[in-house]
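See structure below.
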Amino acid sequence: MNSPAQPPIREEDLVRYVDNELTAERRREVESYLKDNPEAAARVAEDRRIAAGLKTAYSHVTADQPLPAIRPRGSFLRPVGMAASLAAALLVGVFAGWTLKPSLRLPAEQPFLTDALAAHRTFTVEVAHPVEVSATQERHLATWLGNRLNHPFRIPDLRVAGLTLMGGRLLPSNQDPAAQLMYDDAEGRRITVYLRRGVDGEAKFQFAKSGTEQAFFWSDAAFTYAVTGDLPRSELLDLAHLIQTQLDPFRQEQ
Amino acid sequence: MSDRTQRLLGETPALHRYAVTLTRDQSEAEDLVQDCLERALRKWTLRRSSVPLRPWLFRMMRNLHVSRWRRMRKHDNHIHWDEVDTPPEVPASQEDSTELNRLLARMLALPEDQRETLFLVGVEGFTYSEAADILGVAEGTIMSRISRARARLREETRASERPHLRSVT
């Protein structure tokens with residue numbers, strides 16, 4: 001059957017055959033070899049079955065699924081981490097991004113935005129006391145601000161964007177008090193998230209620029225938000241999406 | 001959402017799968033994915049647009065994993081599992097009794113080089129040459145690792161399908 005010129009089928013050929021790593025010619029040679037060698041054919045079939053099984057098994061490997069136990073440490077008992085829910089929220093954000101196009105509006109038309117920008121300018125330059133309650137008391141900060149703002153809320157986690165929470169503060173405003181959260185990146189650049197109760201804006205992102213600061217602002221059912229910083233517009237929009245998906249009241253109820 | 005973030009987020013499930021393959025631990029995998037996404041955002045502008053995204057991210061994640069592991073060895077008395085070449089215990093508990101879970105456990109029990117190579121080729125569908133590039137080894141090495149990994153999985157799958165006559169040692 002084998003022509004004299006054809007090199008014998010070796011282990012390497014069978015391995016490559018399963019992964020489709022052979023030339024068309026060599027593949028045909030392997031196929032005819034397998035017809036005459038049921039043992040090798042069974043082995044290839046088994047490898048393929050295992051490969052298909054692995055693909056299926058891996059399709060269930062997500063952050064919220066426990067891994068099979070492979071070592072004594074019971075790591076699978078840990079609850080779903082922040083990263084998992086964050087990743088899930090981010091994926092929602094991807095789809096939200098299709099429908100929520102940012103639009104432009106002048107800051108002067110927006111008292112909310114004027115307050116947010118003023119608070120940003122006031123406190124991001126502060127050296128000694130940029131925040132009232134520091135990130136070391138993050139839980140307390142969330143509870144306290146939630147109580148004062150009259151609505152529970154989660155402190156957005158922006159680590160995926162390279163921003164670490166510094167802390168936050170309560171601020172006076174016309175109606176209910178407002179809250180400001182401050183974050184900084186590895187280079188010390190600061191961005192703020194300003195929010196207060198009520199729907200001052202729209203669900204879609206609106207963009208505003210004032211001096212070197214740029215801001216995106218939007219509303220959901222509970223709050224109106226502004227994220228402000230001296231960042232390129234695209235990065236700022238990423239942050240707005242990130243925050244929006246994390247704070248979406250529908251997601252929080254799940 | 002910007003193109004950058006959107007594309008990175010699309011890669012998150014694959015990054016998580018690779019992280020699980022490397023760390024064999026969900027919480028460590030989550031940390032690794034976070035670190036990798038952060039670094040990718042910071043380094044984005046350094047990436048030439050001709051470089052395919054997923055291999056770039058996988059290489060980055062692998063480097064992060066290797067440097068973490070080195071740190072751990074240096075500063076920690078904890079014995080890393082790879083240093084004691086004993087197969088991990090795979091309890092036939094109720095929760096893990098499905099065949100797929102057992103297969104995944106066997107996969108994760110492979111030595112790290114075989115495990116990640118089989119993952120890249122068999123699960124993520126990289127060619128030998130792409131996998132060789134990600135791992136920084138020769139293509140022949142990819143082939144021989146896969147050969148050994150498959151042989152082991154075949155053997156263990158066969159053993160597990162025989163009636164349970166062995167006692168746990």
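Sequence lines set the chain letters: A, B, ... in the order given, protein chains first and strands last, and positions in each chain run from 1.
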### Message
Counting heavy-atom pairs under 4.5 Å with chain A, which one of B:Ala29, B:Ser144, B:Ser129, B:Ser147 comes out on top?
### Response
B:Ser147
### Query
Can you name the salt bridge (charged side-chain N to carboxylate O under 4.0 Å, His left out) partners of A:Arg10, sequence neighbours left out?
A:Glu12
#### Entry: Nearest heavy atoms of B:Val123 and A:Lys55, plus distance in Å
O-CE, 3.9 Å
### Flag side-chain contact, heavy atom, 4.5 Å: B:Tyr128 against A:Arg16
yes
### Message
Could you check whether any side-chain heavy atom of A:Glu21 comes within less than 4.5 Å of a side-chain heavy atom of B:Met143, counting everything from C-beta outward?
### Response
no
### Query
CD1/A:Ile50 to CD/B:Glu156 distance, rounded to the nearest 0.5 angstrom?
9.5 Å
## Note on the structure
Closest non-hydrogen atoms of B:His16 and A:Val61, given as atom of the first, atom of the second and distance, are CD2-O, 4.0 Å
### CA sep, side-chain torsions, deciding dist, call: A:Glu11, B:Arg150, salt bridge (Lys or Arg N to Asp or Glu O under 4.0 Å)
CA-CA 11 Å; A:Glu11 162 72 14; B:Arg150 290 234 171 91; over 6 Å; no
### Task
Check whether any side-chain heavy atom of A:His241 sits under 4.5 Å from a side-chain heavy atom of B:Thr5, and report yes or no.
no
#### Entry: Residue part contacting chain A, namely of B:Leu153, when any heavy atom lies under 4.5 Å
both
### Rounded distance (nearest 0.5 Å) linking atom CG of A:Asp185 with atom CG of B:Leu41
11.5 Å
### Task
Would you name the heavy atoms of A:Gly53 and B:Leu100 that are closest together and state the gap between them?
O-CD2, 3.4 Å
### Query
Can you tell if the side chain of A:Leu67 reaches within under 4.5 Å of the side chain of B:Asp25, non-hydrogen atoms only?
no
### Message
Rounded at 0.5 Å granularity, tell me how far CZ in A:Arg49 sits from OG1 in B:Thr157.
### Response
7.0 Å
### Query
How far apart are the C-alpha atoms of A:Val18 and B:Ile146, what are their side-chain angles, what is the distance that settles it, and do they pass the side chain to side chain contact (heavy atoms under 4.5 Å, CB included) test?
CA-CA 10 Å; A:Val18 172; B:Ile146 287 178; over 6 Å; no
### Task
Please look at B:Ile142 and chain A and tell me whether the side chain, the backbone, both or neither of the residue comes under 4.5 angstrom of a heavy atom of that chain.
neither
### Query
What part of B:Val20 gets closer than 4.5 Å to chain A, counting heavy atoms only: side chain, backbone, both or neither?
side chain
